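What follows is a single structure, written as structure tokens, with notes after it.
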Amino acid sequence: LIACTDSEKKTVIVAEDPSDKKYPVVIATWDVKESTAAAWQSLKEGKSALQAVIDGCAVEEANADGQSVGVGGLPDRDGRVTLDACVMNEHGDYGAVLCMENIMHPIAVAKMVMEDTPHVILAGVGAEQFAVSQGFKRENLLTEASKSGWEAWKKTAEYKPIINIENHDTIGMLAMDKNGVISGGCTTSGLAFKMAGRVGDSAIIGAGLFVDNEVGACTATGLGEEVLKTVGSYLVVELMRQGKSPQEACKEAVMRIVNKSKNYKDFQVAYIAMNKKGETGAYSIHDGFVATVYRDGKNTTEVPESYNSL
Ligand code: SD4
């Protein structure tokens, strides 16, 4: 905003300073340049911020090499790939699927839950049935690589609710179009070898994702249980509402977890956020987290500050 003086020499805010605008912009968790490029392309074609997020996330969902999202996701301890995903648009509308099997693009299903049902969350078999009724194909999401990972894990079957801090690509994405409209989404196969039925933060409003078009948006990655307990993404947006920058807000939300969890050394949590100007920020507990930002036609990997250098 620009401050000017009116005829009575009182300072008034008259207009947005165009040089303040840092959008359109797309930011996503981890090194996912193809996804941010797809989202950017959609924005360029004039699609909505929501559609850009869905198009961007779909790239990772379809990538069989990524072992924490969509096809190729590591299964639960019973060998089932179960997916969580959600979206939020600029009106604060929300849709999610939890623990859904056999459908490659849960984020697109989440959008349909938001737009075409009277509900906001569908889980398990109901989510899958709804997806099929909307024309999605049932397919096997367990790749040979993920199956052998699971078989190797079964030899010890040690349940470690610990996220390997270097090896995750749950994709959380926030996009702001050229008019400053924000939407977001998050999609994951969740914690590898989790208990059957386990749901993480990624698809839960306020935890893995929160969008308030008046203020900004945030999404999370890492150990979902910790993000859920601190309602992390909602917290980040509320901190930005109080005047913190995206980076400061992400840092404070991470510090809430660090200060509460004695074993923070054993898991990773990272937040990425954007505010209404399109400024972005990120912060993680440990080194090893990166964010991908597409702005001004440039697709870059950013290494945010973290609390603990390994
Ligand atoms: C979960 N937050 O299900 C997800 C996992 C994740 O990078 O982000 N992995 O807890």
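When a ligand or atom number is given, it counts from 1 through the structure's own listing order. Fair warning: this is a prediction, and the values are worked out from it, not measured in the lab.
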Begin with the C-alpha distance, continue with both residues' side-chain angles, and end with the deciding distance and a verdict on side-chain contact (heavy atoms from CB on, under 4.5 Å) for Glu115 and Leu50. CA-CA 12 Å; Glu115 292 177 349; Leu50 177 66; 3.9 Å; yes
Quick one: does Lys194 get a heavy atom under 4.0 Å from ligand 1? no
Using a strict cut-off of 4.0 Å, indicate which atoms of ligand 1 neighbour a heavy atom of Gly190. 3 (O)
More than 12 heavy atoms of other groups within 6.0 Å of Glu34 CD: no
Atoms of ligand 1, numbered as shown, that sit under 4.0 Å from any heavy atom of Leu191: 3 (O)
Should Arg198 be counted as touching ligand 1, given the test is an N or O pair under 3.5 Å? yes
Tell me if the NZ atom of Lys154 is crowded by more than 12 foreign heavy atoms within 6.0 Å. yes
Please work out, at 4.0 Å between heavy atoms, whether the side chain, the backbone, both, or neither of Val227 comes within that distance of ligand 1. neither
Kindly confirm or rule out an N or O of Gly224 lying under 3.5 angstrom from an N or O of ligand 1. yes
Checking the side chain of Asn89 only, and the main-chain atoms of Gly92 only, is there a donor and an acceptor separated by less than 3.5 Å? yes
So, is Thr221 polar-close to ligand 1, with some N/O to N/O distance under 3.5 Å? yes
Going by the atom numbers of ligand 1, which of them fall below 4.0 Å from some non-hydrogen atom of Ser202? 2 (N), 4 (C)
Just checking, any donor-acceptor pair under 3.5 angstrom between side chains of Thr82 and Lys194? yes
Counting heavy atoms only, name the option from Ala207, Gly200, Ala270, Gly222 that's nearest to atom 5 (C) of ligand 1. Gly222
Distance-only polar pair, side chains of Gln242 and Glu238, donor-acceptor under 3.5 Å: no
Could you check whether atom CD of Glu214 has more than 12 heavy atoms from other residues, nucleotides or ligands sitting under 6.0 Å from it? no
Does Asp84, backbone or side chain, put an N or O under 3.5 Å from an N or O of ligand 1? no
Taking the side chain from Ser261 and the backbone from Asn263, do they hold a donor-acceptor pair closer than 3.5 Å? no
Which is closest to atom 1 (C) of ligand 1 in terms of heavy atoms, Thr219, Thr188, Val269, Asp201? Asp201
